Amino acid sequence: MTTTIRLHNTRTRQTEDLVPLIPGKVRMYVCGPTVYDRAHIGNARPVVVFDTLFRLLRHIYGAEHVTYVRNFTDVDDKINAKAAQTGRPIRDITDETIGWYHADMDALGALRPTHEPRATEYIGAMIAMISDLIDRGHAYAAEGHVLFDVRSYADYGKLSGRSVDDMIAGARVEVAPYKRDPMDFVLWKPSDDTLPGWDSPWGRGRPGWHIECSAMSKALLGETFDIHGGGIDLQFPHHENEIAQSCCANHSGQFANIWMHNEMLQVEGKKMSKSLGNFFTVRDLLDQGYPGEVIRFVYLGTHYARPMDWTHEKATQAEGTLRKWRALTKGAQPGQVADAVVAALAGDLNTAGALAELHRLAGEGDAAGLLASAQLLGLLLPELGGWDEAGVDLAPWVNRLAGLRAEAMETKNFAPVDALKTALMAAGLEVRMSKAGVELLPGPGFDVGKLPVLE
RNA sequence: GGCGGGUUGGCGGAGAGGUUACGCAGCGGAUUGCAAAUUCGUGAAGACCGGUUCGAUUCCGGUACCCGCCUCCA
C-alpha cells in the first residue's frame, strides 16, 4: 500500500491525497440511474470512470477493503409517467430497466458495485431522516409536503459556489406558496391515489429526489465516507441538497470527504440530444457493432474531468489498437501491473496517461505486463473478448490464396492472386503475405457473408 | 443575469516552470511479386494580449471564443 492516490476534490477545489477515514478501507458512493429507460452513452461515462477508480482502489487496498455503493432510483415521476402511459405496473418497468442496465454496463466491463440499493427499499430510512431534520429545525411540514429550510444551513451553496441570494436572483424555478424560502427543496411530497405512495407522519406520499442518496449512503456506508461521485450536472442541485440534508442530520456535521464529478459527453462535437439525431443508448452502439470494450477504451481516452467527445473516428482507432493488443497478448498470462500505469491512475485517475503507458508496454512487446495493466483498466478481459475473432475457420481461404500465390511465383501471372486478395479485403480481412506464408486477419467491418465462395 | 470549466501539433489527447508525451494520420528508408503487417527514422503545438521569472505551453491578470449548470438530463 505504498501508492498514494490523489484525487481532485470538487468540494475543496483542490487535488488531495486520498486518506481513508478508516485506515486501510475505502468507501465510495456514486449516484446511479433513474430506471425508466435504457441508459444513454452519457449515463455510461460515470459508470466507466468510477468503475476504473473502483478497480484501482481494489488493486491498492485489496478487494475486500473497498465498498462501492451505487443506487437505483426506482421512485420517480418519469417512471410514474411511463407507468401511466403504458398501463404497466411500476415494478415491472423498474425491474426490466435494471436488467437492461446490468446487461449494458456489464458489456462495458463495469464491475457490479458492492451494493446496489433500490430507493423503494429505503423509504423507512428516508422517513426517519426527514423526521430527524424536522426535529432539529432544518425542515418543516407544509400542505402535505416536507421542505428543507436552506436558511438553516449556513454552508448551503458551498459545493457549487453559489449563495442562496445569488440563486434566488437568477432562479427560474416556480416558487410554491408554502415555501418559506424560494430555494427550499422538497424532502417529501403527497401522492394521490394514482401515484405510488407510502404512509408517513405527513400523510401518504413519496420522497423527494435527493433524500434517497442521503438515506442510502448513511445506511450502507455510515454518516461519513471517503468518496462521493457523479456527473457534474448533479453538482447542483442534487449534491448540494444531499450535503445539506446529510450534514444537518449527521451528528458530526460531516458527510462525504472527497467529491468527484465527471464532465459531460458530446457526440461528434455537439451536445447529445434527441432533436439533433445524435442521441444514442449504450445498447444502440452495441447493436451497431461497437464492441463494449471499444466503447470503454474511447471513454478512457479522455480525462474524466474534461468534456468528452464520442466520435466514430475515435471508436475506429480504439478498435484497431485493441485488435493489436489482443493479438499480442493472445495466450499470455497476466504478469505484473506496470508501476507507471498505477502511477498514472493514482494521479487523479489519468486514464489517458495510463493508456499511453499501455502503448509503451505494447511497443516493448511485454505481453504479460500489458495484459495485467490493461486488465486493471478493465480492458483485455477475457469476458470482453471474442469480437476480434472471425467466428469461422479461415483455413480454406488461406490455403487457396497460398496455392495461387505459389503458382504465380512460377508463372509470374499474379492476376488470380490479386483478384482473390481484393475479394478477401473487401470482406474486411487484412491480408498478409510474407516469405513465411499467408495470414488472414479479420479487421474492422469484417463480414463473413462477404467472403468469396471457393469452388 | 449568476456560478463553474475549457481553448495544446493535420486529428485525438496527457504530463511537467527549463530536457522526446503518447496514439492515429503524413513523409523518408528497409522489407514485399504488388500490397498489408512489421521495423528504423522524421517534420509538426500550446487562442490572443500583458505580467512574474534567468527562462512559461506550464504560474498570475485581462480579452475573445466554446461548453456546462442554474429547467428532478450523468
Side-chain angles (χ1 to χ4, degrees), chain A residues 10 13 30-34 37 39-50 73 76-78 157 159-163 165-174 183 185-186 189 208-210 212 229-241 261-266 269-274 279 297-298 300-309 311 313-314 316-318 320-321 324 327 343-344 347-348 350-360 362-363 405 408-409 411-415 417-418 421-422 424-425 429-436 438-441 443:
Chain A
T10 34
R13 292 169 175 71
V30 174
C31 291
T34 300
D37 207 352
H40 60 67
I41 62 174
N43 299 123
R45 172 121 103 137
V47 173
V48 172
V49 165
F50 292 104
T73 300
D76 179 274
D77 286 345
K78 285 196 291 290
L159 176 73
S160 49
R162 321 157 186 235
S163 73
D165 294 322
D166 284 348
M167 285 187 272
I168 292 168
R172 287 186 259 161
V173 269
E174 233 178 276
M183 295 314 293
F185 57 90
V186 171
K189 52 191 168 185
W209 173 35
H210 318 292
E212 53 172 287
I232 187 70
D233 58 326
L234 291 181
Q235 188 185 36
F236 188 89
H238 183 55
H239 291 160
E240 196 73 70
N241 293 354
H261 291 98
N262 62 276
E263 253 294 349
M264 301 289 101
L265 175 145
Q266 297 185 308
K270 295 200 174 100
K271 179 174 170 136
M272 182 169 74
S273 75
K274 285 176 180 165
F279 183 94
F297 189 106
V298 172
L300 296 179
T302 301
H303 185 87
Y304 75 88
R306 317 266 278 187
M308 191 205 105
D309 196 12
T311 64
E313 163 87 20
K314 282 185 183 175
T316 304
Q317 284 190 15
T321 301
K324 221 167 12 175
D348 196 25
N350 182 3
T351 50
L355 290 179
E357 293 301 332
L358 258 38
H359 278 292
R360 194 158 290 146
R405 182 157 171 264
M409 297 296 243
T411 63
K412 301 295 173 202
N413 176 16
F414 289 95
V417 189
D418 288 337
K421 188 180 81 173
T422 304
L424 291 170
M425 292 196 314
L429 287 171
E430 189 181 285
V431 180
R432 299 185 187 176
M433 288 185 270
S434 67
K435 280 174 184 153
V438 170
E439 251 189 306
L440 295 179
L441 297 169

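Chain naming here is simple, since letters A, B, ... match the order of the sequence lines and numbering starts at 1 in each. Just the heavy atoms: all of them, side chains too, but no hydrogens, waters or symmetry mates, feed the values below. These figures come from a predicted structure and were not determined experimentally.
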**Prompt:** If pairing requires Watson-Crick or G-U wobble contacts with both distances under 3.5 Å, which nucleotide is the partner of B/U53?
**Reply:** none
**Asked** Which whole number of Å gives the distance between the C1' atom of B/G55 and that of B/G18?
**Response** 6 Å
**Item:** Same-atom distance (C1') from B/U32 to B/A16, integer angstrom
**Value:** 43 Å
**Prompt:** Do A/E439 and A/S434 have side-chain heavy atoms sitting under 4.5 Å apart?
**Reply:** no
**Item:** Within-4.5 Å side-chain heavy-atom neighbours: A/H40 and A/L265
**Value:** no
**Request:** Quick one: list whatever passes ring pair (Phe, Tyr, Trp, His ring centres under 6.0 Å) with A/F297, sequence neighbours left out.
**Result:** A/W325
**Asked** Is the side chain of A/E357 donor-acceptor paired with the backbone N or O of A/A344 at a distance under 3.5 Å, no angle test?
**Response** no
**Complete:** Per-nucleotide protein contact along nucleotides 13-26 of chain B, 5' to 3', at a 4.0 Å heavy-atom cut-off (B base, S sugar-phosphate only, - neither), is SSS-----BSBS--
**Sugar-phosphate, base or nothing in reach of A/D76, heavy atoms under 4.0 Å** = nothing
**Message:** I want to confirm an ordering. Mapping A/A305 and A/T34 to their closest nucleotides on RNA chain B, which one lands closer to the 5' end?
**Reply:** A/A305
**Prompt:** Just checking A/L265: base, sugar-phosphate only, or nothing, at a heavy-atom cut-off of under 4.0 Å?
**Reply:** base
**Message:** What I'd like to find out is whether the side chain of A/E263 reaches to under 4.5 Å of the side chain of A/R45, using heavy atoms alone.
**Reply:** yes
**Asked** Distance between the C1' atoms of B/G4 and B/A37, in whole angstroms?
**Response** 48 Å
Contact list (N/O, under 3.5 angstrom) for nucleotides 32-36 of chain B vs protein:
residue, atom, partner, partner atom, Å
B/U32, OP1, A/K435, NZ, 2.6
B/G33, N1, A/D418, OD1, 3.0
B/G33, N2, A/D418, OD1, 3.3
B/G33, N2, A/D418, OD2, 2.8
B/C34, O2, A/K421, NZ, 2.9
B/C34, N3, A/K421, NZ, 3.1
B/A35, N6, A/M433, N, 3.2
B/A35, N6, A/M433, O, 2.1
B/A35, N1, A/V431, O, 3.4
B/A35, N1, A/M433, N, 3.0

